[in-house]
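The structure appears right after this line, and notes come after that.
Sequence positions, counted from 1, serve as the residue numbers for this chain. For ligands, and for the atoms within them, numbers begin at 1 and follow the listed sequence.
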Amino acid sequence: METLAVAHPLVAHKLTTLRDVRTDSPTFRRLADELVTLLAYEATRDVRVVDTNVDTPLQATEGVRLARPAPLVVPILRAGLGMLDGMTRLLPTAEVGFLGMIRDEGSLQAQTYATRLPDDLSGRQCYVLDPMLATGGTLAAAIHLLLARGARDVTALCLLAAPEGLKHLEDSFTGIAAPIRVVTAAIDSHLNENGFIVPGLGDAGDRLYGVV
Ligand SMILES: O=P(O)(O)OC[C@H]1O[C@H](OP(=O)(O)OP(=O)(O)O)[C@H](O)[C@@H]1O
Ligand SMILES: O=c1cc[nH]c(=O)[nH]1
Ligand SMILES: [Mg+2]
């Protein structure tokens, strides 16, 4: 597994405001959206393209276009939805699948409550969106689901990752012959006794959409 923490002053600047307890939901949603587009630039560095030709106003020349099948973007509901528009802005021809997953607050185990994905993901580059990689249980379960449908190239975009979650993914996917990458805005210090990322930004779903 490969991890990239994007080192860029604009990422750090937006992340700082996102962390701020005084940042309201509308501002949080906007910043999450902007951050994802910056992360997506790095996360799509290996997106597959094919050669093509194009006529400029002056002459014919060579270029590239995205290869088929189109990449699949998979937000993990609920909080991952806050990253969808920022991602598809950069990859407008991507298709979108959905996973609904919730972490039990006591056991910290992830449960899947909704799955809407193509049956066959062979040959598909998949981009999973989930702002928080805490214990890693949610993301590991999501990636297992994609691998089970034939995906062999998975990149996860997270706003924040905990070292414990990255280790969990590393242990889960060692020896798997599929590139698995995590692109994040920052790797934080640790998880607290409730499985929250410290210093973190709190509950991403609640900050995006309110407490339910
Ligand atoms: O790495 P883990 O320990 O599994 O935790 C991370 C997950 O927890 C949060 O989801 P939550 O269960 O709060 O659902 P929500 O997005 O609906 O708020 C977050 O959005 C991740 O999906
Ligand atoms: O810190 C955390 C951990 C899990 N889920 C969140 O939203 N925040
Ligand atoms: Mg939540």
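With respect to atom 7 (O) of ligand 2, the closest heavy atom belonging to the protein is Ala204 N, 2.8 Å. In terms of protein heavy-atom proximity, atom 4 (C) of ligand 2 is closest to Arg103 NH2, 3.4 Å. Scanning the protein for heavy atoms near atom 2 (C) of ligand 2, the closest one is Phe196 CD2, 3.5 Å.
For the salt bridge (Lys or Arg N to Asp or Glu O under 4.0 Å) test, residues two or more places apart in sequence or in another chain that qualify with Asp119 are Arg149.
Heavy-atom neighbours of His190 NE2 from other residues, nucleotides or ligands within 6.0 Å: above the threshold of 12.
For the pair Arg30 and Phe28, the cation does not sit on the ring face, since its NZ or CZ is not both under 6.0 Å from the ring centre and inside 45° of the axis. Both tests hold for Arg103 against Phe196: distance to the six-membered ring centre under 6.0 Å, angle to the ring axis within 45°.
Not a single heavy atom of Pro131 sits under 4.0 Å from any atom of ligand 2.
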Just list the N/O pairs, ligand 1 to protein, that are under 3.5 Å apart, with the distance for each.
residue, atom, partner, partner atom, Å
ligand 1, 1 (O), Ala134, N, 2.9
ligand 1, 1 (O), Thr135, N, 3.1
ligand 1, 1 (O), Gly136, N, 2.9
ligand 1, 3 (O), Arg103, NH1, 2.8
ligand 1, 3 (O), Thr135, N, 2.9
ligand 1, 3 (O), Thr135, OG1, 2.6
ligand 1, 4 (O), Thr138, N, 2.9
ligand 1, 4 (O), Thr138, OG1, 2.5
ligand 1, 12 (O), Arg103, N, 2.8
ligand 1, 16 (O), Arg78, N, 3.2
ligand 1, 16 (O), Ala79, N, 2.9
ligand 1, 17 (O), Arg78, N, 3.3
ligand 1, 17 (O), Arg78, NE, 3.3
ligand 1, 18 (O), Arg78, NE, 3.3
ligand 1, 18 (O), Arg78, NH2, 3.0
ligand 1, 20 (O), Asp130, OD1, 3.1
ligand 1, 22 (O), Asp130, OD1, 3.2
ligand 1, 22 (O), Asp130, OD2, 2.6

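Listing protein N, O or S atoms at distances below 2.8 Å from the Mg ion (ligand 3), with waters left out, gives Asp203 OD1.
Side-chain contact, Asp104 with Gln109: no donor N or O sits under 3.5 Å from an acceptor N or O.
With hydrophobic clusters built from ILVMFWY side chains whose heavy atoms lie under 4.5 angstrom apart, Val54 does not share a cluster with Val64.
On a distance-only criterion, Gly202 and ligand 2 share at least one N/O pair closer than 3.5 Å. The shortest N/O to N/O separation between Ile197 and ligand 2 falls below 3.5 Å.
Listed by chain and number, the hydrophobic cluster partners of Val154 are Met1, Leu72, Val74, Ile76, Leu99, Met101, Leu117, Leu121, Val128, Leu133, Leu139, Ile143, Leu145, Leu146, Leu147, Leu166, Leu169, Phe173, Ile176, Ile180, Val182, Ile187, where partners are ILVMFWY side chains within reach of under 4.5 Å, directly or through others.
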Problem set entry | side chain to side chain donor-acceptor pair (under 3.5 Å) between Thr27 and Asp24, worked out | CA-CA 6 Å; Thr27 311; Asp24 62 11; 2.5 Å; yes
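If you number the atoms of ligand 2 from 1 as listed, the ones under 4.0 Å from a heavy atom of Ala134 come out as 3 (C), 4 (C). Those atoms of ligand 2 with a heavy atom of Gly195 less than 4.0 angstrom away are 3 (C).
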